[in-house]
Amino acid sequence: MDQNKSNKTIIVALIILIISMTFIFIMDKTKQTDTSEETNADKLYAHKSEYIGDSSNISGLLNLLPYSEYKTSIELSTSDKPYGLKAIYNIGDSAVNISDLKNQFYNNALIVFSLIENVDYIDFELIDEDSAKPEVHHYDRKEIQDSHIDNLYGYSVDLQTFENFLMEKVYMPGGS
């Protein structure tokens, strides 16, 4: 009888231990995910500026966005209005899904417009081996602004507002 009671106690202790370890593992994974999202927002937010004229800031911002590994150069138009940015992407013969890339260009434009106040337009120029001429994806601040209630630059008034903007407007499917 004593042996039976001892075995039951050991089994109950093992079950409690397994449940506790599972709970700790799940909480740790959740914590790691939240941290990486915050870190990404923090890194992007660090590039917030009223002016487009700082090429190293703009290049650093673009380097944090998806498909940055294909960015070969940037050109800034800052001498006369409208102020703009041209980012050149060379996908060569890679297996990049062009449709996904084009959708991401829109999201990247939203992020740039929200962080750089005086950029009026963004051109993402796409070069691949299959076309003789680069394909330009043009985004105009005014046109994109018209599809949003709030001022685009206002989405970066503080880090928390910017994080919410990223989650609600940029990273959520159908968010625009």
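Positions are given from 1, in the same order as the sequence printed here. Computation of the quantities below employed the complete heavy-atom set of this structure, encompassing side-chain atoms and omitting hydrogens, waters and symmetry-equivalent molecules.
When all heavy atoms of Asn57 and Ser49 are compared, the closest pair comes out as ND2-CB, 3.8 Å. The heavy-atom pair separating Asp150 from Gln145 by the smallest distance is O-NE2, 2.7 Å. In terms of heavy atoms, Leu115 sits closest to Leu44 at CD1-O, 3.4 Å. Contact record, Ile144 with Ala109: CD1-CB, 4.4 Å, taken as the closest heavy-atom pair. Residue Lys43 comes nearest to His47 through the heavy atom pair O-CD2, 3.1 Å, listed as atom of the first residue, atom of the second, then distance. Listed here is the closest heavy atom pair of His148 and Leu110: CE1-CD2, 3.6 Å.
Ile15 places a side-chain heavy atom less than 4.5 Å from the side chain of Ile11. The side-chain heavy atoms of Asp128 and Val96, taken from C-beta on, include no pair separated by under 4.5 Å. In this structure the side chain of Tyr106 reaches within 4.5 angstrom of the side chain of Tyr139, judged on heavy atoms. Side-chain contact between Asn108 and Ile122: absent, with no pair of heavy atoms (C-beta onward) separated by less than 4.5 Å. Residues Ser68 and Tyr89 have side chains not in contact (no heavy-atom distance under 4.5 Å, counting atoms from C-beta outward). Contact check for Ile116 versus Leu61: side-chain heavy atoms found under the 4.5 Å cut-off. Ser59 has its side chain within reach of Lys71: a pair of non-hydrogen atoms, C-beta onward, lies under 4.5 Å apart. Proximity of Leu85 to Ile74: side-chain heavy atoms (C-beta onward) are separated by under 4.5 Å at one or more points.
Both Tyr155 and Leu64 sit in one connected hydrophobic cluster of ILVMFWY residues. Membership requires side-chain heavy atoms under 4.5 Å apart, directly or through other members.
In this structure, the separation between CG on Leu101 and OH on Tyr67 is 6.0 Å, given to the nearest 0.5 Å. Atom OG1 of Thr161 and atom CG of Leu166 lie 11.0 Å apart (nearest 0.5 Å). Going from atom CD1 of Ile58 over to atom CD of Glu75 covers 14.0 Å, rounded to the nearest 0.5 Å. Expressed to the nearest 0.5 Å, how far OG of Ser99 lies from CG of Asn97 amounts to 5.5 Å.
A donor-acceptor pair is defined here as one N or O able to donate and one able to accept, closer than 3.5 Å; such a pair exists between the side chain of Thr72 and the backbone of Ile88. With Asp123 contributing its side chain and Glu125 its backbone, the two residues share no donor-acceptor pair below 3.5 Å. A donor-acceptor contact shorter than 3.5 Å is absent between the side chain of Asp120 and the backbone of Gly84. Checked by atom type and distance alone, the side chain of Arg141 pairs as donor or acceptor with a backbone atom of Glu117 at under 3.5 Å. Checking side-chain atoms of Asn118 against main-chain N and O of Ile52 turns up a donor-acceptor pair under 3.5 Å.
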Report task. Go through the steps to decide whether Ser156 and Phe165 satisfy the test side chain to side chain contact (heavy atoms under 4.5 Å, CB included), and finish with yes or no. Result -> CA-CA 8 Å; Ser156 66; Phe165 166 72; over 6 Å; no

**Report entry** Trace of the side chain to side chain contact (heavy atoms under 4.5 Å, CB included) decision for Gln104 with Asn107
**Finding:** CA-CA 5 Å; Gln104 189 59 54; Asn107 288 338; 3.5 Å; yes

**Report entry** Stepwise side-chain hydrogen bond (donor to acceptor under 3.5 Å, both in side chains) test for Gln160 and Asn164
**Finding:** CA-CA 6 Å; Gln160 184 62 51; Asn164 292 341; 3.1 Å; yes

Query raised in the report: Would Leu62 and Leu65 count as a side chain to side chain contact (heavy atoms under 4.5 Å, CB included) if you check the C-alpha gap in whole Å, the side-chain angles of each, and the deciding distance to 0.1 Å?
Result: CA-CA 5 Å; Leu62 293 174; Leu65 299 176; 4.0 Å; yes

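Aromatic pair Phe124/Phe105: ring centres closer than 6.0 Å.
Geometric assessment of Lys48 against the ring of Tyr153 yields a positive cation-pi assignment under the 6.0 Å and 45° thresholds.
The local environment of NZ in Lys81 is crowded, with over 12 non-hydrogen atoms from other residues, nucleotides or ligands closer than 6.0 Å.
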